[in-house]
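Some notes on the structure that comes next.
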Protein chains: 2
Amino acid sequence: MVTRVIIIEDDQTIREGFTYLVNLSDGLKMVNSYASYEEAEPYLVSDFPDVILLDIELPGINGLDAISRIKKKYPAAHIIILTVYENEQNIFKALSLGASGYLTKNTPSSKIIESITEVLQGGGPLSANVAKMVIQSFRKNSQSPLSKRETQILEGIAEGKSRTRIASELFIDKETVKTHIKNIYSKLDVNSKEEALRIARQDKLI
Amino acid sequence: MVTRVIIIEDDQTIREGFTYLVNLSDGLKMVNSYASYEEAEPYLVSDFPDVILLDIELPGINGLDAISRIKKKYPAAHIIILTVYENEQNIFKALSLGASGYLTKNTPSSKIIESITEVLQGGGPLSANVAKMVIQSFRKNSQSPLSKRETQILEGIAEGKSRTRIASELFIDKETVKTHIKNIYSKLDVNSKEEALRIARQDKLI
DNA sequence: GCACAAATCCCCCTAAGCGGGTGATTACTC
DNA sequence: GAGTAATCACCCGCTTAGGGGGATTTGTGC
């Protein structure tokens with residue numbers, strides 16, 4: 001039996017990337033891909049998908065609304081949310097609307113396939129397990145000693161960006177970035193990028 | 001049918017890494033692992049391997065000698081060479097002795113599994129195909145405008161090492177490294193690490 | 001209102017890394 | 001003897017990363 005997957009995602013590169021990945025896996029087949037929910041809706045039934053990869057930030061009908069509509073029109077499909085922003089509200093909403101899981105768009109490829117097969121086997125819609133995992137994975141934001149801005153900057157550092165680059169991407173001055181970094185180092189009691197990243201990863205701050 | 005794999009490799013980390021990888025794949029099973037050929041020899045027949053992953057730089061009996069012995073004692077096995085140094089002589093010798101393929105130890109994991117299954121299906125010992133691929137992949141060293149030392153240093157840069165680190169690893173002065181880099185840039189007609197790496201990869205110089 | 005945290009920015013400094021330039025010596029090959 | 005490879009020594013400017021010292025604005029809570 002082949003697991004039929006479709007993707008609804010406006011970014012062509014991400015769409016193609018996921019298609020490539022899914023088709024690489026034995027037992028998984030990307031039967032179709034769409035840039036919007038409107039485009040996908042007429043084919044939902046004929047595509048006969050087991051799993052739908054659904055972008056939350058969609059043009060037109062957004063991902064959250066799309067979940068409700070899919071659940072109504074084609075309740076058999078497991079929905080996995082794709083998102084760039086790890087926004088708690090949206091992900092919890094999505095899960096409560098019937099999504100089975102979520103993936104960040106930069107999730108390592110191995111995890112992506114793993115998640116698809118996991119969703120198929122175990123969890124029905126909004127399994128307690130998934131909800132728990134989500135809470136777990138968001139533990140970081142809750143009890144972190146770092147402020148939002150500081151976390152954001154530390155994530156930039158984790159991606160190997162320079163202070164200058166982080167500054168321009170956040171539309172703030174280099175000096176501000178520097179101050180934040182100094183504060184981060186002070187809070188984590190370290191004095192280098194490497195140590196800060198080590199502690200942050202260990203304590204799941206990022 | 002399960003493909004039986006064994007590995008002969010003195011580095012424990014690499015051994016465990018490959019074992020993990022191989023066992024992850026459906027249809028592949030790592031039946032045993034050994035730190036030297038001497039250790040492996042008594043079990044060659046009982047292990048009944050389809051594929052042997054063999055380190056070239058082995059303590060005691062080295063990989064090249066091991067190939068001959070394996071071919072004599074247990075000719076059915078396909079031998080895949082593991083090596084850190086992409087040394088033409090050794091790899092050609094290995095292939096002429098009856099190895100079916102080779103892998104660099106930092107080959108991406110997807111390629112490793114791919115190579116094992118490829119070797120099983122297609123090429124007998126020293127297939128013309130493999131030889132051609134090897135020659136292809138070594139095209140770099142032959143018609144490269146860069147000297148050996150320059151290539152070596154460029155590879156260091158490709159691994160993200162600083163000039164100082166490259167210098168200490170090659171037991172030469174930082175200034176020497178700098179001069180080499182300047183010469184590399186001049187030969188490749190570029191003015192930065194990034195450009196140099198781009199050109200070098202494009203022209204398969206590294 | 002006052003304290004505090006968060007976020008923004010401004011200086012000072014040192015050290016290291018990178019790139020460009022201009023030399024040099026040794027040694028080996030054609 | 002010309003050329004190349006490999007080694008090293010200075011000059012310069014620029015960027016990045018830290019450490020240190022300030023400052024302001026905005027909001028939230030007591």
Side-chain angles (χ1 to χ4, degrees), chain A residues 85-88 138 140-201 203 205-206, chain B residues 85-89 140-201 203 205-206:
Chain A
Y85 310 105
E86 295 211 353
N87 178 310
E88 290 165 81
F138 283 126
K140 63 170 191 184
N141 281 3
S142 49
Q143 66 184 52
S144 172
L146 303 183
S147 71
K148 282 185 186 177
R149 203 52 154 175
E150 287 164 353
T151 307
Q152 208 173 357
I153 282 165
L154 191 55
E155 281 167 351
I157 294 175
E159 289 160 18
K161 293 171 185 167
S162 72
R163 293 180 188 176
T164 314
R165 192 169 159 206
I166 293 172
S168 74
E169 286 183 6
L170 297 180
F171 305 106
I172 55 178
D173 196 274
K174 307 173 199 182
E175 285 301 323
T176 308
V177 175
K178 197 178 161 185
T179 304
H180 285 307
I181 292 175
K182 279 188 280 194
N183 292 336
I184 292 170
Y185 287 4
S186 153
K187 284 181 178 176
L188 300 185
D189 192 26
V190 296
N191 27 41
S192 73
K193 287 197 296 180
E194 289 67 29
E195 288 177 276
L197 290 177
R198 195 175 47 75
I199 297 291
R201 282 176 178 136
D203 295 353
L205 306 181
I206 55 167
Chain B
Y85 310 104
E86 294 211 350
N87 179 309
E88 290 166 80
Q89 277 74 34
K140 60 169 195 187
N141 281 1
S142 50
Q143 65 184 52
S144 172
L146 303 182
S147 71
K148 282 186 186 176
R149 203 51 153 178
E150 287 164 353
T151 306
Q152 208 172 358
I153 283 166
L154 191 56
E155 282 167 351
I157 295 175
E159 289 161 19
K161 294 170 185 166
S162 72
R163 294 180 189 177
T164 314
R165 190 167 160 210
I166 294 172
S168 74
E169 286 182 6
L170 297 179
F171 305 104
I172 56 177
D173 195 276
K174 306 173 200 180
E175 285 300 323
T176 307
V177 175
K178 198 178 164 185
T179 304
H180 284 307
I181 291 175
K182 278 187 278 195
N183 291 335
I184 292 170
Y185 287 3
S186 154
K187 283 180 178 177
L188 300 185
D189 193 26
V190 297
N191 340 281
S192 74
K193 288 198 297 182
E194 288 69 29
E195 288 177 275
L197 290 176
R198 195 175 46 75
I199 296 290
R201 281 174 180 138
D203 293 355
L205 306 181
I206 54 170

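The shown structure was predicted, so the numbers you read here are calculated from the model rather than taken from an experiment. FYI, side chains are in, hydrogens and waters are out, and symmetry mates aren't considered; it's all heavy atoms of this structure.
- A distance of 11.0 Å separates CD in Glu150(A) from CD in Gln152(A), rounded to the nearest 0.5 Å.
- Listed in residue order, the members of residues 161-171 of chain B having a heavy atom less than 4.0 Å from DNA chain C are Ser162(B), Arg163(B), Thr164(B).
- Nucleic acid contact for Asn183(B): none, since no nucleic acid atom lies under 4.0 Å from a heavy atom of the residue.
- Here the P atom of nucleotide dA9(D) and the NE2 atom of His180(B) are 13 Å apart, to the nearest Å.
- Running 5' to 3' along DNA chain C, contacts with non-hydrogen atoms of chain B at under 4.0 Å begin and end at dG17(C) to dT22(C).
- Atom CG of residue Leu154(B) and atom CD of residue Glu159(B) lie 10.5 Å apart, to the nearest 0.5 angstrom.
- Nearer the 5' end of DNA chain C, as judged by each residue's closest nucleotide, is the contact made by Ile172(A), out of Ile172(A) and Lys174(B).
- With values rounded to the nearest 0.5 angstrom, Asn191(B) atom CG is found 10.5 Å from Ser186(B) atom OG.
- Counting any heavy atom pair closer than 4.0 Å across all strands shown, Lys178(A) reaches a base atom.
- Distance Ile153(B) CD1 to dA5(D) P: 13 Å, rounded to the nearest Å.
- In this structure, NZ of Lys148(B) is placed 12 Å from P of dA5(D), rounded to the nearest angstrom.
- Ile199(B) contributes atom CD1, which lies 8.5 Å from atom CG of Asp189(B) (distance to the nearest 0.5 angstrom).
- Distance CG (Leu188(A)) to P (dG19(D)): 12 Å, rounded to an integer number of Å.
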Original post:
Run the side-chain contact (heavy atoms from CB on, under 4.5 Å) check on Arg149(A) and Ile172(A) step by step: do they pass?
Top reply: CA-CA 11 Å; Arg149(A) 203 52 154 175; Ile172(A) 55 178; 3.4 Å; yes
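- In this model, the phosphate group of dG19(D) is not approached by any side-chain N or O of Tyr185(A) to a distance below 4.0 Å at OP1 or OP2.
- Going from atom CG of Asp173(B) over to atom C1' of dA5(D) covers 17 Å, rounded to whole Å.
- The distance between atom CD1 of Ile184(B) and atom P of dT4(D), rounded to the nearest whole Å, is 17 Å.
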Between the protein and nucleotides 21-30 of chain D, list every N/O to N/O distance that falls short of 3.5 Å.
{"residue": "dG21(D)", "atom": "O6", "partner": "Lys182(A)", "partner atom": "NZ", "Å": "3.3"}

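- With sequence neighbours left out, Ser192(B) forms a side chain to side chain donor-acceptor pair (under 3.5 Å) with Glu195(B).
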**OP:** Would you sketch DNA chain C in dot-bracket for me? Only Watson-Crick or G-U wobble pairs with both distances under 3.5 Å count, crossing pairs as [ ], other-strand pairs as |, the rest as dots.
**Re:** ||||||||||||||||||||||||||||||
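- When all heavy atoms of Gly156(A) and Ile166(A) are compared, the pair lying nearest together is C-CD1, 3.8 Å.
- Heavy atoms from other residues, nucleotides or ligands lying under 6.0 Å from NZ of Lys161(A) number more than 12.
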N/O donor to acceptor pairs below 3.5 angstrom from side-chain atoms of residues 175-185 of chain B, sequence neighbours left out:
{"residue": "Thr179(B)", "atom": "OG1", "partner": "Glu175(B)", "partner atom": "O", "Å": "2.9"}
{"residue": "Asn183(B)", "atom": "ND2", "partner": "Thr179(B)", "partner atom": "O", "Å": "3.4"}
{"residue": "Tyr185(B)", "atom": "OH", "partner": "Lys193(B)", "partner atom": "N", "Å": "3.0"}

